[in-house]
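The structure appears right after this line, and notes come after that.
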Amino acid sequence: MKVRFDEAWSRSKEVAKNVAMKGVDVVLIRDLLGRISLVIDDKDPSIIPENLEEEIAEAASEFTSPAPILRSSSLFNPASILESSDLIEVSSSSGPQKGSFSILERGIVGGDWLRPRDLKNSRRVTLYGFKGGVGRSTATFLLAQNLAAAGHCVLVVDLDLESPGVGSLLQEEAELSDYGVVDYLVESAVGNEHGLDLVSRSKTTNDAENGEVWVASASGRPRDGYDYISKLNRVYSDLPPDNEGNPRTFASRLNSAIEACELRVAERSRKPDVVLLDSRAGIHDIAAVAITQLSTTTLLFAADSPQTWSGYRALFSQWQASLKPDQRDYLRRRLRMVASMVPPATSEEYLTKFRDRAQECFADTLYDDETENVDLKAFNFGTDDEAAPHYALPITFSIDLVGIDASNNRNWHRNPLVTAAYADFLSAATKLVLDDGA
């Protein structure tokens, strides 16, 4: 009988857990191909089982690493594993034989989903949808306009690099900045990012009395010799540390790009009050970074479908299982669902079902189990609690939102049907965003 990917991992975790219970600190690693190895802190070799390599090989089967057991004393830099910031502690013995069991994932996509970062004194909002086609970019545009109408300076950053959209809603191509987010990422990789023209003030939303909307598009202004695809192929990798030894991960590079855009706005006008990040959909590194490390609030867009809830449940379950309690608590408090494409004829019934399913998804994953935790401060909400992350902000479906051609109709957003469809969302989202940074 073959041992498949999931089973190999669960069986290997049992082996690692048993070793840790003997008083050994162990780290179970899964590499890019899913192959498994066990790193053991061998400061006391006498308590390490003699047949450990055979146990791991039997548990992992075809997913056994070429070096299934690695002793810390033989590693060039054991701290890079035993003290890695990406370690997820699974268990720790408090008895006389103290040993810990941690895991370390070495994947290409998805690592940043598990690296929450606390942002201080900022208002950055990520707009994300697990599935595409839920009106995320349109909502970003209208939220920016609504905030500007209230007198705020807003920066919109288009992070949907594979399928840019919000930039063209906010600005005509000829008015875009010469360079975009992708340009910053490729130029900064070789220290050539200084002086890039990265932002332009939106002329579509320039009727606000004191407010402003600035655009940092994914790409720069289209022109002869501008090769977007070649740049896109080179932006996602981590880079070697800089001369001071600071890591240059994809997350840190993307954060530097946003900070550069914020600085350009401040130089030309004033510091942005709010930054809206239009993230790409799906399980992607950009979305991971935007949600966990670049924003203080995340709006999770969804239509009521089995695929949507399956996707969010998988993501929330990973956070629940893998994050430390303080990290998980910080992250879950920043989330809020958005129900897009609500049918106007049955909006009340639709929203009731949507919020019920959203509450079930959160209750099964990120909410505290109230049957086990009687703490009055437990993170748990009833279905109708309007302050809960699952209590979705509604966007009503309108046929006028289908196939918006902003280039030929710059006043599309003034259509009364469009205004009505987004009225409740804009009112609630604006309050949420501004309260978050208070």
Side-chain angles (χ1 to χ4, degrees), residues 125-143 146 276 278-283 287 290-291 295 297-320 331-370 378-402 404 417-433 435-436:
V125 182
T126 291
L127 294 91
Y128 167 79
F130 187 82
K131 301 282 286 183
V134 291
R136 185 196 67 244
S137 293
T138 304
T140 305
F141 169 94
L142 292 170
L143 181 56
N146 201 60
L276 302 181
D278 186 31
S279 170
R280 71 160 297 166
I283 301 295
I291 292 173
S295 59
T297 302
T298 296
L299 300 178
L300 302 172
F301 285 69
D304 187 17
S305 70
Q307 296 87 351
T308 292
W309 298 122
S310 177
Y312 276 122
R313 189 179 296 273
L315 177 57
F316 294 171
S317 296
Q318 183 77 344
W319 285 336
Q320 173 67 17
L331 186 58
R332 66 187 179 179
R333 293 180 185 277
R334 293 155 53 183
L335 307 176
R336 189 61 175 263
M337 295 298 305
V338 176
S340 63
M341 305 175 71
V342 176
T346 57
S347 60
E348 187 172 342
E349 178 183 357
Y350 181 94
L351 279 172
T352 297
K353 290 181 179 179
F354 186 103
R355 288 165 178 159
D356 282 345
R357 287 167 181 156
Q359 198 274 343
E360 290 175 5
C361 185
F362 274 88
D364 291 344
T365 54
L366 293 179
Y367 286 169
D368 293 330
D369 188 345
E370 56 185 4
F379 194 78
N380 197 299
F381 302 86
T383 304
D384 297 325
D385 191 333
E386 296 184 8
H390 72 262
Y391 195 85
L393 313 183
I395 298 175
T396 306
F397 175 77
S398 172
I399 194 66
D400 294 74
L401 296 170
V402 177
I404 293 173
L417 293 176
V418 174
T419 303
Y422 278 84
D424 290 342
F425 165 78
L426 292 175
S427 175
T430 296
K431 184 177 186 305
L432 185 69
V433 169
D435 287 350
D436 177 72

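Keep in mind it's a predicted model, so treat the numbers as computed, not measured.
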Any donor-acceptor N/O pair, S310 side chain to P306 backbone, under 3.5 Å: no
Okay, side chain of D368, backbone of A378: is any donor-acceptor separation there less than 3.5 Å? no
Return yes if some donor-acceptor pair links the side-chain N/O of S340 with the main-chain N/O of V134 below 3.5 Å, else return no. yes
Are the side chain of Y422 and the backbone of L143 linked by a donor-acceptor contact shorter than 3.5 Å? no
Modelled atom types, side-chain donor and acceptor of T308 and S305, under 3.5 Å: yes
Does D304 form a salt bridge (Lys or Arg N to Asp or Glu O under 4.0 Å) with K353? I'd like the steps, not just the answer. CA-CA 8 Å; D304 187 17; K353 290 181 179 179; over 6 Å; no
Can you tell me how far apart CD1 (I395) and OG1 (T138) are? Round to the nearest 0.5 Å. 8.5 Å
Quick one: does any side-chain atom of H390 pair with a main-chain N or O of F381 as donor and acceptor, under 3.5 Å? no
Would you find a donor on one side and an acceptor on the other, under 3.5 Å apart, between the side chain of T396 and the backbone of P344? no
Are Y128 and F301 near enough that their ring centres are under 6.0 Å apart? no
Could you list the residues that satisfy salt bridge (charged side-chain N to carboxylate O under 4.0 Å, His left out) with R280, not counting sequence neighbours? E162
For a side-chain hydrogen bond (donor to acceptor under 3.5 Å, both in side chains) with Y391, tell me which candidate from R355, Q359, R336 qualifies. R355
Could you tell me which non-hydrogen atom of L331 sits nearest to which non-hydrogen atom of I291, and how far apart they are? CD1-O, 4.1 Å
Taking T352 for the side chain and E348 for the main chain, is one N or O donor matched with an acceptor at less than 3.5 Å? yes
Could you check whether any side-chain N or O of R332 sits under 3.5 Å from a backbone N or O of L366, counting only pairs where one atom can act as donor and the other as acceptor? yes
Is S295 reaching over with its side chain to a backbone N or O of A290, donor-acceptor style, under 3.5 angstrom? yes
Flag the pair F354 / W309 as yes when their ring centroid distance falls below 6.0 Å, and as no otherwise. yes
